[in-house]
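Notes to accompany the following structure.
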Amino acid sequence: MARITSANAFMVDLAPKVVRTDAIQSFKSQETIFVVLFDADGARGMGYSYTIGDGGPSILMLLKETFLPRLMGQNADRIEAIWRDLLFCSHATAVGPIMSLALAAIDTALWDMRGHKTGLSLHVLAGGAKTSVPMYTTEGGWLHLPPEALVEDAQEAKSKGFLGSKVKIGTPSVAGDAARLEAVRTALGDDYEIMTDANQSMTAAEAQRRVPMLEQLNIAWFEEPLPSDDIAGHRRLQAHSRVPVAVGESLYSPGQFADYIAADACTIVQADVARVGGITPWLKVAHLAEAHNIAICPHFLMELHVSLVCAVPNAPWLEYIPQLEDIAAPMVCEAGWAVAPDTPGLGIDWDQEKLKALTVSGSAIEIREEK
């Protein structure tokens, strides 16, 4: 048995590469929480999770006081058992962002360790359905950008081989959103995919008013039009829309995805590996979606999601938002396609010296097995 003997955790605060705004918020920073696990065989696994500016210290405290001490002495090979044990030991605070984000840091570290011990990459460990995936970019589609900037970014992306762009919507008027989307469609043509994201900003009526315009422009999907807990509203919207409704970046458990799918309230799921609680539950969501002939197009974290979308057959896209360039080697991209790493584990080449330099003062945690 390869029991877990020690664990470290720390937080790095990364500034966004560009100004990132949507209909409800601005991306202030990426509080990146790392967990490093060691087992009795000397194996090491490194995982991570994140916030977009708030809550990082709360995640660290949950790791320090509850999750990491409970890991000591457990068999690192039994990833499913560990995930369920940590989920149920924290059931009084589940399901929610802090618990899921803390779980994800541990779960991704365990999968990284398994990869290093077996010599296999994550995309092979998790399924190995393909080796590369097309990308769409969100980095030039933020809500504060005028139509001409959206067009310029989409044209540059297309020239690099990207097959689509996401444009944030949720301006005060339908005309305002239409102007942004029509500019990109006119400039890029009908063979370039345009995704839209409302970031939960709309009432049911406002979302419904936009459907004819989105249909006319042949939009690839309408993402998070309503608050994430409004399953009934999403069901009614999807029933009257030829544009696929996408949800998931603000859901925190496989059960929440199951509720959406059972209600016919979406036709694309966007599970975020950190927000749903790690690789273990992400795969549950992906396979659930596959069983219902639904695509999974995950949110953010492209450096980790590239391996997961290549692991399963029903993941047609990877979202391009670079954020780890200051602390990790760039993800491999070829003519608008992301290539799954073939190195053991998560396949992210972390710069350990930069991580040390950028670690938030006072955030480091060390837990050891009691002898």
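Keep in mind the model is a prediction, meaning the values are calculated, not measured.
Between F27 and W142, the distance from one ring center to the other does not fall under 6.0 angstrom.
Both V285 and I79 belong to a single network of hydrophobic side chains, linked directly or stepwise wherever heavy atoms of I, L, V, M, F, W or Y lie under 4.5 Å apart. Taking hydrophobic clusters as Ile, Leu, Val, Met, Phe, Trp and Tyr residues chained together by side-chain heavy-atom distances below 4.5 Å, I219 does not share a cluster with L163. The cluster map of Ile, Leu, Val, Met, Phe, Trp and Tyr, joined by side-chain heavy atoms under 4.5 Å apart, puts Y252 and I268 in different clusters. Tracing side-chain contacts under 4.5 Å through hydrophobic residues (I, L, V, M, F, W, Y), one never reaches M195 starting from L143; they form parts of separate clusters. No path of Ile, Leu, Val, Met, Phe, Trp and Tyr side chains, each step under 4.5 Å between heavy atoms, connects V339 with M302, placing them in separate hydrophobic clusters.
Side-chain contact annotation: Y50 with D272, donor-acceptor N/O pair under 3.5 Å present. Checking Q30 against T32 by side-chain atom types alone, a donor-acceptor pair falls below 3.5 Å. Side-chain contact annotation: Q200 with S250, donor-acceptor N/O pair under 3.5 Å present. Neither side chain, T267 nor W221, offers a donor N or O lying under 3.5 Å from an acceptor on the other.
Side-chain contact between T280 and W111: present, with at least one pair of heavy atoms (C-beta onward) separated by less than 4.5 Å. Contact of the M213 side chain with the L181 side chain is registered, since non-hydrogen atoms from C-beta on lie closer than 4.5 Å. Contact check for L237 versus Q208: side-chain heavy atoms found under the 4.5 Å cut-off. Between L110 and I4, the closest side-chain pair of non-hydrogen atoms falls below 4.5 Å. When side chains are defined from C-beta on, M99 counts as touching F67, because their heavy atoms get closer than 4.5 Å. Contact check for C297 versus P316: side-chain heavy atoms found under the 4.5 Å cut-off. When side chains are defined from C-beta on, W317 does not count as touching M135, because their heavy atoms never get closer than 4.5 Å. With contacts defined as side-chain heavy-atom distances shorter than 4.5 Å, the pair V211/V243 does not qualify.
Between the side chain of R3 and the main chain of M72, no donor-acceptor pair closer than 3.5 Å is present. S100 places no side-chain N or O within donor-acceptor distance of the main-chain N or O of P97, the cut-off being under 3.5 Å. Although no hydrogens or angles enter the test, the distance criterion places a donor-acceptor pair under 3.5 Å between the side chain of D177 and the main chain of T171. Between the side chain of W282 and the main chain of A271, a donor-acceptor pair closer than 3.5 Å is present. Remark: the backbone N or O of L188 is paired with a side-chain donor or acceptor of K158 at under 3.5 angstrom. Checking side-chain atoms of R185 against main-chain N and O of L217 turns up a donor-acceptor pair under 3.5 Å. At least one donor-acceptor pair closer than 3.5 Å links the side chain of T108 to the backbone N or O of A104. Remark: side-chain polar atoms of E290 are not paired, donor with acceptor, to backbone N or O of N314 under 3.5 angstrom. Counting only distance, with no hydrogens or angles, the side chain of R180 and the backbone of K168 share a donor-acceptor pair below 3.5 Å. Checked by atom type and distance alone, the side chain of K130 pairs as donor or acceptor with a backbone atom of A315 at under 3.5 Å.
Atom CZ in F38 sits 14.0 Å away from atom CD in E369 (nearest 0.5 Å). Note that CG of L226 is 12.0 Å distant from CZ of R235, once rounded to the nearest 0.5 Å. Atom OG of residue S253 and atom CZ of residue R275 lie 14.5 Å apart, to the nearest 0.5 angstrom. In this structure, CD on E152 lies 10.5 Å from CG on L150, to the nearest 0.5 angstrom. The distance from atom CD1 of I82 to atom CG of L87, rounded to the nearest 0.5 Å, is 13.5 Å. Rounded to the nearest 0.5 angstrom, E303 CD and W350 CH2 are separated by 7.5 Å.
For the pair P322 and R20, the tightest heavy-atom approach, listed with the atom from each and the gap, is O-NH2, 2.9 Å. Residues L63 and I106 share a closest heavy-atom pair of CD2-CD1, 3.7 Å. A183 and P147 get closest at one heavy-atom pair: CB-CB, 3.8 Å. Nearest approach of D77 to R114, heavy atoms of both residues: O-NH2, 2.8 Å. Shortest non-hydrogen contact noted between A102 and L62 is CB-CD2, 3.8 Å. Contact between V19 and H144 at its shortest, heavy atoms only, is O-CE1, 3.2 Å.
Summarising the local packing, CD of E325 is surrounded by more than 12 heavy atoms from other residues, nucleotides or ligands at distances under 6.0 Å. A 6.0 Å sphere centred on CD of Q25 holds more than 12 heavy atoms belonging to other residues, nucleotides or ligands. For D259, the CG atom counts as densely surrounded, since its 6.0 Å shell holds more than 12 non-hydrogen atoms of other residues, nucleotides or ligands. By the neighbour-count criterion of 12 heavy atoms within 6.0 Å, atom CD of E370 is sparsely surrounded, having that number or fewer from other residues, nucleotides or ligands.
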Does the salt bridge (charged side-chain N to carboxylate O under 4.0 Å, His left out) test come out yes or no for E139 and K17, once each step is laid out? CA-CA 9 Å; E139 195 69 327; K17 291 295 183 181; over 6 Å; no
For M202 and I169, run side-chain contact (heavy atoms from CB on, under 4.5 Å): C-alpha distance rounded to whole Å, both residues' side-chain angles, the deciding distance at 0.1 Å, then the answer. CA-CA 10 Å; M202 297 180 182; I169 60 174; 4.1 Å; yes
Is there a side-chain contact (heavy atoms from CB on, under 4.5 Å) between I33 and L60? Walk through the geometry before answering. CA-CA 7 Å; I33 298 91; L60 281 170; 3.9 Å; yes
Check against side-chain contact (heavy atoms from CB on, under 4.5 Å), T138 and F300: CA-CA 9 Å; T138 297; F300 197 40; over 6 Å; no
Does the pair F34 and I327 meet the rule for a side-chain contact (heavy atoms from CB on, under 4.5 Å), with working shown? CA-CA 12 Å; F34 290 90; I327 56 175; 3.9 Å; yes
Which side-chain N or O atoms in residues 351-359 pair as donor and acceptor under 3.5 Å with protein atoms at least two apart or in another chain?
{"unit_1": "D351", "atom_1": "OD1", "unit_2": "E353", "atom_2": "N", "d": "3.2"}
{"unit_1": "D351", "atom_1": "OD1", "unit_2": "K354", "atom_2": "N", "d": "3.1"}
{"unit_1": "T359", "atom_1": "OG1", "unit_2": "L355", "atom_2": "O", "d": "2.6"}

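For the salt bridge (charged side-chain N to carboxylate O under 4.0 Å, His left out) test, residues two or more places apart in sequence or in another chain that qualify with E156 are K160.
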